[in-house]
Amino acid sequence: MSLDPHVLTDWFADRARDLPWRAPGVSAWGVLVSEIMLQQTPVARVEPSWHEWMARWPTPSALADATPADVLRVWGKLGYPRRALRLRDAAAVIARQHGDVVPSDVDTLLALPGIGAYTARAVAAFAYRKRCPVVDTNVRRVIARAVHGAGDAGPASTTRDLADAEALLPDDDEFAARMSVAMMELGALVCTARSPRCADCPVLDDCAWQRAGKPAYDGPAKPVQKFAGTDRQVRGLLLDVLRDTSIPVAKARLDLVWSKAGQRDRCLDSLLVDGLVEQTSDGLFALPGEH
DNA sequence: AATACGTGGTT
DNA sequence: TAACCAAGTAT
């Protein structure tokens, strides 16, 4: 038998972090904002931004009315700024087509920009207390170890991963929703990637990985994420200049951030294509929507 | 199915 | 210090 929902949810009740988007009374919009911000960005960096964001844009329609420039400035250095634009686009759809209410239906959520398999189900489960499998990197790792006895999760496969998680959920909606957060929290706090704290694990006795003698991960090597010298770094440097000024800047100013002209120009072009940068009528550059 | 997409903390 | 890691999504 593996992963008793009661054991997990009891552990969660006892040990879970006190995160602001989990507080009682937080709106589905608040949950959605947190989920988007948490995509590839650590909790510690999200917390302050989430508070600022919710104070400024407490509803989808409020965000939809903001300029992309303001949205990108408040997003700041959370990373992957296209998320901020997509969240604003999603907010516009929610405001206009869903009566300013974040949808609770997974397929409706999936149709919104920036919302994929994980986020749609996270909103359904955490905001609307539904029984639906929520699979993020933490859950994948917990299941790989506790259920499959592997050292770590292999490459993601949405269909298989969802089925694995679904099989573990209890029937009751609220109970299943609590089990879903509990698995995520276990992966975040105990069953961590580098040095799992197995001594503190509530399901140690049910863990297939433990039983198998904690074999090392033997799947395909995970691709290494380079950053230094990549277009991602250059785009970040470019955007950093524009976030910092309310006045459009000349290209000569942007040219200062990176010495390789070809790469610099390619990155600026891609930012324009992505709608993260706008060129004014007089040929200057700025964040979109305020000139 | 691979790859691009930011940023910063930890080991 | 370089590599790894962090509540993924879109193409």
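The chains referred to below are lettered A, B, ... by the order of the sequence lines, with proteins before strands, and numbering in each begins at 1.
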* Determine the contact category for A:Thr119: base if any of its heavy atoms lies under 4.0 Å from a base atom, sugar-phosphate if only primed atoms, P, OP1 or OP2 are that close, otherwise nothing. => sugar-phosphate
* **Pairwise P distance, B:dA2 and C:dA7 [rounded to whole Å]** => 23 Å
* Is A:Trp21 touching bases, backbone alone, or none of the nucleic acid, heavy atoms closer than 4.0 Å? -> base
* Counting any heavy atom closer than 4.0 Å, what does A:Pro81 reach on the DNA or RNA strands: base, sugar-phosphate only, or nothing? -> sugar-phosphate
* Is there a side-chain contact between A:Leu112 and A:Thr119, using heavy atoms and a 4.5 Å cut-off? -> no
* Just call it for A:Asp274: base, sugar-phosphate, or nothing, with non-hydrogen atoms closer than 4.0 Å on any strand. => nothing
* Asked: Does a donor on one side chain and an acceptor on the other come within less than 3.5 Å for A:Glu35 and A:Tyr118?
  -> yes
* Structure fact -> For A:Trp53, the ring-ring contact (aromatic ring centres under 6.0 Å, His included) test, sequence neighbours excluded, returns A:Trp57, A:Trp75
* Asked: Looking only at side chains, do A:Ser61 and A:Thr59 share a donor and an acceptor under 3.5 Å apart?
  -> yes
* Remember a base hit wins even if backbone is also touched, and classify A:Gln233 as base, sugar-phosphate or nothing at under 4.0 Å, heavy atoms. => nothing
* Hydrophobic side-chain clustering at under 4.5 Å (ILVMFWY, transitive links): who's grouped with A:Val277? Put none if nobody. => A:Leu72, A:Leu85, A:Val234, A:Leu237, A:Leu238, A:Leu239, A:Val241, A:Leu242, A:Val249, A:Leu254, A:Val257, A:Trp258, A:Leu268, A:Leu271, A:Leu272, A:Leu276, A:Phe285, A:Leu287
* Structure fact -> Between OH of A:Tyr80 and P of B:dT3 the distance, given in whole Å, is 14 Å
* **Electrostatic pair A:Asp200:A:Arg15 at N-O distance under 4.0 angstrom** => no
* Asked: With a 4.0 Å cut-off on heavy atoms, is A:Ile36 in touch with a base, just the backbone sugar-phosphate, or nothing at all?
  -> nothing
* Asked: Under 3.5 Å, is there an N or O donor on one side and an acceptor on the other linking the side chain of A:Thr41 and the base of B:dG6?
  -> yes
* Salt-bridge contact A:Asp265-A:Lys251 (side-chain N to carboxylate O under 4.0 Å) -> yes
* Asked: Do A:Glu185 and A:Arg178 sit within salt-bridge range, that is, some charged N less than 4.0 Å from a carboxylate O?
  -> no
* To do: Looking at every strand, decide which applies to A:Gly79 at a 4.0 Å heavy-atom threshold: base, sugar-phosphate, or nothing.
  => base
* State whether a side-chain donor-acceptor pair under 3.5 Å links A:Arg131 with A:Ser180. => no
* **Leading and trailing nucleotides of DNA chain C with any atom under 4.0 Å from heavy atoms of chain A** => C:dC4 to C:dA10
* Do A:Asp205 and A:Arg211 sit within salt-bridge range, that is, some charged N less than 4.0 Å from a carboxylate O? -> no
* Please figure out whether A:Val224 or A:Leu112 has its closest DNA chain C nucleotide nearer the 5' end. => A:Val224
* To do: Have a look at A:Ala117 and say if it touches a base, only the backbone sugar-phosphate, or nothing, with a 4.0 Å heavy-atom cut-off.
  => sugar-phosphate
* Residues which pass side chain to side chain contact (heavy atoms under 4.5 Å, CB included) with A:Thr137, listed by chain and number, not counting sequence neighbours -> A:Arg141
* To do: Check DNA chain C against residues 121-145 of chain A and give the residues with a non-hydrogen atom under 4.0 Å, in numerical order.
  => A:Asp136, A:Thr137, A:Asn138, A:Arg141
* Just call it for A:Pro223: base, sugar-phosphate, or nothing, with non-hydrogen atoms closer than 4.0 Å on any strand. => nothing
* Asked: Any link between A:Val190 and A:Val43 through a network of hydrophobic side chains (Ile, Leu, Val, Met, Phe, Trp, Tyr) touching at under 4.5 Å?
  -> yes
* A:Gln39 CD - B:dA4 P separation (whole Å) -> 19 Å
* Just call it for A:Leu19: base, sugar-phosphate, or nothing, with non-hydrogen atoms closer than 4.0 Å on any strand. => base
* Please check the phosphate of B:dT7 (OP1 and OP2 only) for any side-chain N or O of A:Arg243 closer than 4.0 Å. => yes
* To do: Please tell me which of A:Arg232 and A:Pro155 maps to the more 5' nucleotide of DNA chain B, matching each residue to the nucleotide holding its nearest heavy atom.
  => A:Pro155
Tabulate atom names and distances for all N/O pairs under 3.5 angstrom spanning the protein and nucleotides 9-11 of chain B.
residue, atom, partner, partner atom, Å
B:dT11, O4', A:Arg194, NH1, 3.0

* Integer-rounded Å distance: B:dA4 P and A:Leu239 CG -> 19 Å
